[in-house]
Amino acid sequence: MNIKRNDVRNIAIIAHVDHGKTTLVDSLLKQSGVFRANQVVEERIMDSNDIEKERGITILSKNTAVNYKGTKINIIDTPGHADFGGEVERVLKMVNGVVLLVDAFEGPMPQTKFVLKKALELELPVIVCINKIDRPEARPDEVIDEILDLFIELGANEDQLECPFIYASAKEGKATLELGVESNSMESLFETIINYIPAPEGDSEAPLQVLISTIDYNDYVGRIGIGKIERGTIKAGQEGVLVNKLDLEKQEKVKISKVYEFEGLNRVEVEEATIGSIIAITGIEDIHIGDTICPVDHPEPLPFVKISEPTLAMTFSVNNSPFAGREGKFVTSRQLRSRLYRELQTDVSLRVEDTESTDSFKVSGRGELHLSVLIENMRREGYEFQVSKPEVLYKFENGQKLEPMEKVTIDVSTDFIGTVIDKLGQRKGELISMSEATNGYARIIFSIPARGLIGYRQEFLTDTKGNGIMNTIFDGYAPYKGDIPTRKEGSLIAFETGETTTYGLHAAQERGTLFVGPGVQVYDGMVIGSNPKGQDIEVNVTKTKKQSNIRASGSDEALRLSPPKEMTLEEALEFIEDDELIEVTPLNYRIRKKILDSNLRYKSKKNK
C-alpha cells in the first residue's frame with residue numbers, strides 16, 4: 001500500500017565552508033522547543049568533535065530532528081570543506097530535498113557549486129537561503145543572480161529553477177521571504193520546508209529496504225548503521241539480510257537488536273519505524289556504508305553513490321626515533337594498523353593499504369586537511385607514529401600520465417594580485433578568470449595541479465599579509481604538467497642529542513629561523529629550523545659556554561633569542577621534503593630526517 005508520510009520531511013543543509021550551516025541548525029533547534037527555557041546551550045551545538053569546535057568547521061555529517069506544528073523535520077548538517085565531500089555525497093541519498101545556504105556577501109563559492117551539482121544530479125528540490133543578510137557589506141540581489149547563473153550552468157530543470165528564496169540571519173535566528181520585511185523568527189524557513197520539500201512516500205507493506213548512508217561507533221553497542229527506510233517497515237528484534245549493490249556476493253544474515261529515531265540531539269528507541277523515517281540500527285557488527293537491509297526471502301540491494309577517489313597519499317609508520325615510546329600510549333605496528341583500518345569503518349573517502357614493510361601503511365585521502373584531521377585525532381587518542389610528505393596519486397590512461405587538478409578561488413586585495421598570479425604561475429597554475437574588484441578585493445580563479453598547492457597555503461598567507469581567502473575544490477584529472485619547483489629553504493639539523501641551550505640556539509639563529517626554544521630535548525638528525533639559503537646545515541644547539549677564570553667586562557652580556565616559530569601540523573606537512581618525516585606524539589610534532597646519521601645521509605645523497 002503506497003502511503004505519503006505528511007508528518008515527516010527529510011532535508012540536508014548544504015553550503016560552502018563558513019557560510020553558517022551549523023549556526024542555522026542551532027537556530028532551528030532552539031526555535032522548535034528542543035531545549036528547556038533555562039537550559040544552557042553552546043554555540044554550534046552540532047559540532048561535537050573537539051577538532052570541529054577548535055577549527056570552527058564541520059567534519060562529519062550529523063543528524064538531528066525538530067518538530068514544527070506536528071511535522072517532524074529530519075535535518076542533516078553536512079561539512080563544507082571539499083576534503084570531506086564524501087560525507088555530503090552519501091547523506092544526500094537520505095533526504096528528499098536540500099536547503100542551499102549562501103553567504104550574502106561572498107556569494108556562491110567552489111564548494112557551493114560542488115554540493116549543488118550533487119543535489120541536482122539526484123533531482124532533489126532546492127530551497128535557497130541567503131544567509132548573513134545583516135552583514136554591512138551584504139549584496140543579496142547580486143548574489144541571487146549569481147546563484148541562478150550557477151543553476152543554469154549546472155543544467156537545472158525548470159522546476160529546480162523556480163526554487164523559493166529565503167533571506168536569513170542564522171546568528172540572530174531570523175528568516176523572511178522578502179528583503180526589507182522584518183522578522184523575529186525562523187518561521188518562514190520552517191513553512192517553506194513543509195510546503196516545498198516533498199513528503200517521503202512508498203509502500204509500507206512491501207519488503208523492507210533500508211540503505212545505510214552513515215556509520216557511527218559506540219564502545220557499548222559497537223557499530224551503528226544510520227539510513228532511511230525506502231520501503232516497508234522495520235521492527236526491533238527482526239531478522240534480515242545484508243546485501244550490497246557493489247558487492248553482489250555479500251549476503252549476510254543479521255538480527256536487528258534495536259531501532260532508534262532522532263529527536264532533537266538524542267536518539268530515541270522505537271519498537272518499529274516505517275517508510276521515510278531516518279533511523280539508527282544496532283546489533284549488526286559487519287554493517288558498512290552502502291549496505292541495504294532486506295528481508296531474508298527478498299534480498300534486493302539499492303544503488304549507492306560512487307564516492308570520489310582519493311587524490312593524496314601519505315605513509316604512516318611506527319615511530320623509530322631516539323625518543324620513540326616516551327610520550328605515546330599506542331606505539332606498536334599492530335596498534336597503528338588496527339586504528340587505521342578502524343577509521344575505514346566510518347570514513348568512506350579514505351583508503352588504507354599494507355606496504356612491503358610491516359611497520360608502514362599507505363593512507364590515501366581527499367586532501368591535506370582530510371589526512372591532517374585523521375593524524376590529529378589519532379594523536380589525541382594517545383597514538384605515536386611518523387608520517388611522510390604527502391604525495392599526489394597519478395592515473396595512467398592510454399599510456400598518458402594524468403594528475404589531479406584543483407580549481408582555486410582566491411579573494412584578495414588588489415595590492416597583492418601580481419604576487420599571487422606570479423607564485424601560482426610558477427606552480428603550473430593557469431588563470432581561468434579574474435573578476436573586477438569590489439571593496440578593493442578581486443576574485444581570481446586558477447586551475448592548478450594538486451601537487452602545486454602542497455606547501456603554498458602558508459606562503460599565500462605571508463604574501464597577502466593574512467588578508468587573502470583561498471578555497472580549493474577537486475577539478476578532475478588532466479595530463480601531467482611537468483616539474484614544479486620545490487621548497488626553497490633548507491633545514492637546520494641538530495648535530496647531537498641533548499637539551500637545547502640559549503648559548504647554542506643564539507649561534508644557530510643567525511643561520512635561519514628556529515622551530516625550538518631553550519630547554520627542549522632534541523636528537524641527532526632532528527630538524528630544528530629552516531635556512532633561507534636552501535642548504536641543509538648541521539648546527540650544535542646543545543653546546544654550553546665553557547667557563548674560564550678570566551672575566552672581562554661586557555663579555556657576559558645576556559644573549560637574546562628570537563621567539564621560535566611553532567609549527568602547526570599543516571605547516572609541518574607543507575614544510576617537509578621527501579627525505580624528511582614528521583614524528584607525531586600526543587605531546588609534540590617533531591620534524592626529522594629519514595636518515596638520522598649525518599655520515600649515512602651524506603653517502604645516500606652522493607649515491608643519487
Side-chain angles (χ1 to χ4, degrees), residues 1-12 61 63-65 67 70-76 89-97 122-125 194 197-216 221-263 267-305:
M1 186 178 81
N2 222 36
I3 62 161
K4 198 169 190 175
R5 291 280 307 275
N6 281 317
D7 59 335
V8 172
R9 297 290 185 278
N10 297 322
I11 60 159
S61 58
N63 297 56
T64 185
N67 278 296
T71 302
K72 181 177 187 177
I73 304 173
N74 284 308
I75 302 170
I76 303 173
E89 291 175 63
R90 304 188 268 117
V91 299
L92 291 181
K93 295 289 283 182
M94 278 200 275
V95 297
N96 302 97
L122 293 167
E123 297 187 350
L124 294 170
I194 286 168
I197 302 294
E201 56 181 301
D203 191 343
S204 59
E205 292 174 16
L208 175 70
Q209 274 185 323
V210 180
L211 179 65
I212 301 299
S213 301
T214 307
I215 294 287
D216 200 354
V221 297
R223 292 166 75 82
I224 302 165
I226 298 170
K228 186 173 91 174
I229 303 174
E230 301 287 343
R231 195 174 72 187
T233 301
I234 193 167
K235 292 184 174 70
Q238 85 176 62
E239 293 193 339
V241 64
L242 217 52
V243 286
N244 194 307
K245 190 83 171 177
L246 299 175
D247 179 8
L248 296 173
E249 290 179 9
K250 180 172 185 175
Q251 280 213 11
E252 188 181 327
K253 279 194 174 181
V254 292
K255 186 176 181 184
I256 293 145
S257 46
K258 289 183 179 174
V259 178
Y260 299 86
E261 284 195 6
F262 293 89
E263 289 290 343
R267 291 179 189 152
V268 180
E269 193 176 335
V270 293
E271 280 307 306
E272 67 170 46
T274 188
I275 61 117
S277 291
I278 292 179
I279 55 167
I281 299 163
T282 63
I284 305 174
E285 192 46 48
D286 194 32
I287 197 164
H288 288 88
I289 289 164
D291 286 349
T292 309
I293 298 172
C294 304
V296 178
D297 57 350
H298 204 288
E300 193 183 338
L302 285 161
F304 190 61
V305 46

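Nearest heavy-atom pair across Ile275 and Pro200 is CD1-O, 4.1 Å. Here the closest heavy-atom approach between residue Thr292 and residue Glu300 is recorded as CG2-O, 4.0 Å. For Asn6 against Ala199, the heavy-atom pair with the smallest separation is OD1-CB, 3.7 Å. In terms of heavy-atom proximity, Leu302 sits nearest to Glu230 at CD1-CG, 3.4 Å. When all heavy atoms are compared, the tightest approach of Gly97 to Ile197 is CA-CD1, 3.8 Å. The two atoms that bring Phe262 and Ala65 nearest to each other are O-CB, 3.2 Å, heavy atoms only.
The closest side-chain heavy-atom distance from Ile229 to Thr274 is not below 4.5 Å. Looking only at side-chain heavy atoms (C-beta outward), Ile278 and Ile226 come within less than 4.5 Å of each other.
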Full working for side chain to side chain contact (heavy atoms under 4.5 Å, CB included) between Ile11 and Ile76: CA-CA 6 Å; Ile11 60 159; Ile76 303 173; over 6 Å; no
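The side-chain contact (heavy atoms from CB on, under 4.5 Å) check on Val254 picks up Leu242, Glu252, Ile284, with sequence neighbours excluded. Shown here are the side-chain contact (heavy atoms from CB on, under 4.5 Å) partners of Thr282, two or more places apart in sequence or in another chain: Val221, Ile224, Ser257, Lys258, Tyr260. When the side chain to side chain donor-acceptor pair (under 3.5 Å) test is applied to Glu261, the partners found at least two apart in sequence or on another chain are Lys72, Ser277. Residues that satisfy the salt bridge (charged side-chain N to carboxylate O under 4.0 Å, His left out) test with Glu201, not counting sequence neighbours, are absent from this structure. Applying the side chain to side chain donor-acceptor pair (under 3.5 Å) test to Asn74 and every residue at least two apart in sequence or in another chain returns Asn10. Listed by chain and number, the residues in a side-chain contact (heavy atoms from CB on, under 4.5 Å) with Gln238 are Leu208, Ile234, Lys235, Ile256 (sequence neighbours excluded).
Atom CZ in Arg9 sits 13.0 Å away from atom CD1 in Ile75 (nearest 0.5 Å). Within the model, atoms CG of Leu124 and CG of Asn96 stand 7.5 Å from one another, a figure rounded to the nearest 0.5 Å. Interatomic distance, CG of Asp7 versus CD1 of Ile73, reported as 11.5 Å (0.5 Å rounding).
For Arg231 (side chain) and Pro207 (main-chain N/O), a donor-acceptor pair under 3.5 Å exists by modelled atom type.
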